[in-house]
Structures are given as structure tokens and as C-alpha cells.
There are 2 protein chains.
Amino acid sequence: MKTILSSLRIQVNDKIYLKDPESSVLGKKIIKEGILLIDEIGFDCFTFKKLGAKIGSNESSLYRYFENKHKFLVYLSSWYWSWIEYKMLLATTNVTCPMEQLLKAIAVITEKIKDDDATLHVNESILNKIIIAEFTKTFLTKEVDEENREGFFTIYKRIINRMVDIVTMVDPEYPYPKSLVSNIVEGGLHQHFLRDHLQTITNCNEKISPTDYYSDLVKRVLKH
Amino acid sequence: MKTILSSLRIQVNDKIYLKDPESSVLGKKIIKEGILLIDEIGFDCFTFKKLGAKIGSNESSLYRYFENKHKFLVYLSSWYWSWIEYKMLLATTNVTCPMEQLLKAIAVITEKIKDDDATLHVNESILNKIIIAEFTKTFLTKEVDEENREGFFTIYKRIINRMVDIVTMVDPEYPYPKSLVSNIVEGGLHQHFLRDHLQTITNCNEKISPTDYYSDLVKRVLKH
DNA sequence: TCAAAATTAATAGTAAAACTATTAAAAAAG
DNA sequence: CTTTTTTAATAGTTTTACTATTAATTTTGA
């Protein structure tokens, strides 16, 4: 049951990879150890050569799964947002009050993640750390328009638009629902980063979470 | 007068560079043409070799000004924020109403920049485009804590804390002034990027600017 | 004024990163 | 059980990122 759920819920655009890493032992090893290595040394210092050494494989074997390390990060991000989308669906269905739904969605998006035992080859808690520090790099490139057309950011945009629908239910008169939501999703990651590294420009700390800040924000911004 | 003003107002931490690029013709050429090249090919593809070729200098000559291309981007960012700080000072002094002050500051931060003729070797409008697409990369690194300690982000943090003071004047009871402001500054850049590349998740377009969105936001969030 | 000192910039490197072509071995299909 | 396909390793190439050395120019101070 667990494995059925875990394979059903995560769907990554197949243009992102050359060969599906979920389809082989080596592929899963690349994901699992790749997440750990990026967390350890940072994406800028990460190379397929280093990952190959870590998992006892040759660099060129990894190139058969991903064209380059950028695509690998896009893959991990897509996987992450697909997993978040699933969690958001679980958290918001059967909630009738739109504002309550919105607060649940914000919690899913902005909360610090604990590992989910259903997917043994992905440590979601560490993946969350990577997304906080590296996700914006997936679209801050010269290729963003091309990759957007190819659907690399579909899941991310779908999550935002699902939340936009909820905001519109809460306050149909609010004029900037899309900017508000994209701002919350991106800003949630950013506030986590500031809490860990630039504490003087955030109120987030051990006691105040990004979830607290953004929950308060939507209550002030939206008529409800 | 113009040159006195321009040299007074921009002050960049001298740990960022090896040799002050403002101190020589070659240095100014590096800044001027570097901005154009990064805008053209993106920071990821930018190298000192390519810039050297563009300005008819050897790669190794550029290395005497900046340790690496990361530091070059940190320098351009510092320069940009220093220039913004000056513009913000001009825009907010002699404004007595705190909310009006805040709206002026938000306008300076989030508006699309036009070139300023006072600094001939810097095209501020193109630099603004670079900041939108590349600035977050300056701190999304493993070295962020070390570089923060060395003062690489001082001006950026000072701008945010200046705005935090204004927010606190507007509404002393608001519990998250730092998160609100860091969110506006970072989010302003982000909304510009979304408008240009991921239109489906922002309300910003030719008619609605990030300034409109954030001006409305603070009016809703703060009691005034 | 002119020789010594200091600065500036070019040449010619190296090491690592980012890939690719070829081939060998293992697994799957007919 | 042999042919085809898939998988992965070896051994390359090109580019990036940087450095050591040397040559040329500028500055300075006796």
C-alpha cells in the first residue's frame, strides 16, 4: 500500500531526465546520495564526478540519467513540489471553510519538513533544506523560458494556482491573489534561509516560524 | 558636482575586491562591460576569459581586481544597493508622514530602474535587470555565514533595517516588521522576474507593477 | 633628471569541471 | 541459446577557473 501510494503521488516530467532514476537501483542511489551530497557541499560545488565517487560509480554512468547537474536539481525540485502537492491535497480536502483551507495550505508550504518514511530513497527533510537554499536557482537562468515551455515548472505553478483558487474563495475582491501566493511560496523558503543565516532581517527564529508570519499576513490582507 | 556626489554616495566594502575597480581605467571598463556581458549571457555563462576578450584585456588582468566571478557579482550587488540606499534617502527625507515615507521607500525598492547619467561607467537600468535575475545567488552559497561576517551584505541589511524603522513608526504594534520588509525587498525582485518569465503566477504586468502590489499590501497589513 | 622601486599586464602554464565517444559486459528477448 | 538491447566503465576532449613567472610601464625620490 505504501509503495503504491508513493509511486502514484510523485510524477516528474519525463523531459527532465534522460533515463528514469526510479527505474533502477543505480538511479535510486543517485537520488538518495545526491541529496545528501548537495546538502553537504552545496549545489555550486556538487559535481557528477564527486557523486560517482561517493556511490562507487563512474561519472559517465550518471550522465545517462541526467544531462547535467542543473537538470538534476530541476528533477529534485519537481519531485519535492509533487510531494508537497500531495501533502497539500491531503491537508485541505474535507476542510470546508476557505480561510481554514488556506491556512492549512500555507502550513504545508512553509513548515519545516520531517522525513517521510514512505519513500526510502528520499530523505524529505534534507531535500527541504536543499529546496530552501537552491530552488530559485532552477529558474534564475537564461533558459527559463524554454524550460518553462517544456513544462519543467508545471507542478510548482499548479500548487500556486491551487492556492490562488482558495484565496479567491476567501476574498473574491482581492486584486492580487497570484502575486500574494507566489510571494508566500517563494518568501516561505526565503524566511527559512534568513532565519538560519541572516537573522537581523527576519523575525523568524526558534519561536516564530514563517508559518506564523504568513498566516498572520493573509488574515490581515484578505477580508474574511 | 556630479562626480563628487557619485563618488560620495557609493561605498563598497573593500574586502569584496582585490583592487578598487573605480581606481583605474581598466577597472571601470571591467564594471561597465561586465554588466553588459552578464546581462547578455547570464551570470552562469559569464567568465573572466569572455569579459577579457570583450574589453581587449587578458583574463589574468581581471583576476587582479576580483578573486573570482562570485566576488564580482557581490561587488555589483553592493554597488547597486548602495545606490538604492542613496535614492531612498533622497526620496524619504522631508516626508513627515510615516506611511507616506514607507510608500516612497517601497517605490524606490520595487520600481523598474531608468539609467542615471551621473555614473557614466554604470548602466543602472541594466544593473537592475542583473540584480533581479542574479542577486539571490550572492547569498545562496555555503560561504554565506563567513561572507556575512566579513560585511558583504551590510548595505542590503541596512536598507532593510531603515525600512523596518519606518514600518515600526507606522504601526508600532505590528509583530513582524523585519520579515515584512525583507519579504518586500526580495519579493519585489521576484515579482519582476515572474512578470517577465512566469506570468501565470503573478498579477504584475504592463499595467500592474510590483510597486502597486506591495503598496496595497502594506496598507492592508499595517494599522495606520 | 634618472635609476631604483613599485605597479601593471601579458604569456604560458595547471587542475578541475563538464561533458562525450567507444567499447566491454551483463541482461533480456525471440 | 544466440541475437539484441541495455548498462556501465575507460579513456578521452574542451572549457573553466585560476596561478606563477616575466616583461613592460609608471612612479618616486636622491
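A quick note: this is a predicted structure, and the numbers were derived from the prediction, not measured. Here is the naming used below: chain letters follow the sequence lines, and residue numbers restart at 1 for every chain.
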S.K.: Establish, with yes or no, whether the OP1 or OP2 oxygen of D:dA8 is under 4.0 angstrom from a side-chain nitrogen or oxygen of A:Tyr65.
M.R.: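 Result: yes.
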S.K.: Go through the steps for B:Tyr17 and B:Tyr65 under the test ring pair (Phe, Tyr, Trp, His ring centres under 6.0 Å), then give the verdict.
M.R.: CA-CA 6 Å; B:Tyr17 50 76; B:Tyr65 288 84; 9.1 Å; no
S.K.: Is there a donor N/O on one and an acceptor N/O on the other, under 3.5 Å, for the side chain of A:Glu59 and the base of C:dC19?
M.R.: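 When only heavy-atom distances are counted, A:Glu59 does reach the base of C:dC19 through a donor-acceptor pair under 3.5 Å.
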S.K.: What distance do A:Met163 atom CE and A:Arg158 atom CZ have between them, rounded to the nearest 0.5 Å?
M.R.: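 Those atoms lie 15.0 Å apart.
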S.K.: Measure CD1/B:Ile55 against C1'/C:dA10 and give the value in whole Å, please.
M.R.: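 Taking atom C1' of C:dA10 as the reference, CD1 of B:Ile55 is at 13 Å.
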S.K.: Taking the six-membered ring for Trp, is the centroid-to-centroid distance between A:Phe193 and B:Phe139 below 6.0 Å?
M.R.: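 Yes, the ring centres sit under 6.0 Å apart.
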S.K.: Strictly below 4.0 Å: does A:Lys19 bring a side-chain N or O up to OP1 or OP2 of D:dT6?
M.R.: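 So the side-chain polar atoms of A:Lys19 never come under 4.0 Å of the phosphate oxygens OP1 or OP2 of D:dT6.
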S.K.: Could you tell me how far apart B:Asn68 (CG) and C:dA16 (C1') are, to the nearest whole angstrom?
M.R.: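 Taking CG of B:Asn68 and C1' of C:dA16, I get 15 Å after rounding.
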S.K.: Report the distance from atom OH of A:Tyr63 to atom P of D:dT13, rounded to the nearest whole Å.
M.R.: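 For the pair A:Tyr63 OH and D:dT13 P, the rounded distance is 17 Å.
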S.K.: D:dA8 phosphate, OP1 or OP2: any side-chain N/O from A:Arg64 under 4.0 angstrom?
M.R.: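 So the side chain of A:Arg64 is within the cut-off, an N or O lying under 4.0 Å from OP1 or OP2 of D:dA8.
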S.K.: Taking only side-chain N and O atoms of A:Lys49, does any of them lie within less than 4.0 angstrom of OP1 or OP2 on C:dC19?
M.R.: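 No, outside the criterion.
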S.K.: Specify the separation, in whole Å, of atom CZ of A:Phe48 and atom C1' of C:dT20.
M.R.: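 In whole Å, C:dT20 C1' and A:Phe48 CZ are 14 Å from each other.
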S.K.: Tell me the interatomic distance from B:Leu51, atom CG, to D:dT15, atom P, rounded to whole angstroms.
M.R.: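 Interatomic distance, CG of B:Leu51 to P of D:dT15: 19 Å.
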S.K.: Look at the side-chain N and O atoms of B:Lys50 and state whether any lies under 4.0 Å from the OP1 or OP2 oxygen of D:dT16.
M.R.: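 Checking B:Lys50 against D:dT16: at least one side-chain N or O falls below 4.0 Å of OP1 or OP2.
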S.K.: Can you tell me how far P of D:dT7 sits from NZ of A:Lys29, to the nearest Å?
M.R.: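 Checked: the NZ to P distance equals 16 Å.
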S.K.: Regarding D:dT10, can its base be found pairing with the side chain of A:Ser60 as donor and acceptor, where the two atoms are less than 3.5 Å apart?
M.R.: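 Pair found.
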S.K.: Let me know, please, whether A:Lys69 or B:Ser57 comes out on the 5' side of the other along DNA chain C by nearest nucleotide.
M.R.: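 Its nearest nucleotide being more 5', the pick is B:Ser57.
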S.K.: Using whole Å, report how far CZ of A:Phe66 lies from P of C:dA18.
M.R.: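 Value for this atom pair: 16 Å.
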S.K.: Would you indicate which nucleotide in C:dA10, D:dA17, C:dC19 comes nearest to any side-chain atom of B:Asn58?
M.R.: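 The listed nucleotide nearest to B:Asn58's side chain is C:dA10.
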S.K.: Would you mind reading off the distance between A:Leu18 atom CG and C:dA18 atom P, rounded to a whole angstrom?
M.R.: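 Taking atom P of C:dA18 as the reference, CG of A:Leu18 is at 16 Å.
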S.K.: Is the shortest heavy-atom distance from the side chain of A:Phe153 to the side chain of A:Trp81 under 4.5 Å?
M.R.: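 No; the side chains remain at least 4.5 Å from each other.
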S.K.: Would you say the side chain of A:Leu26 lies within less than 4.5 Å of the side chain of A:Ser61, judging by non-hydrogen atoms?
M.R.: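 They are in contact (side-chain heavy atoms under 4.5 Å apart), so the answer is yes.
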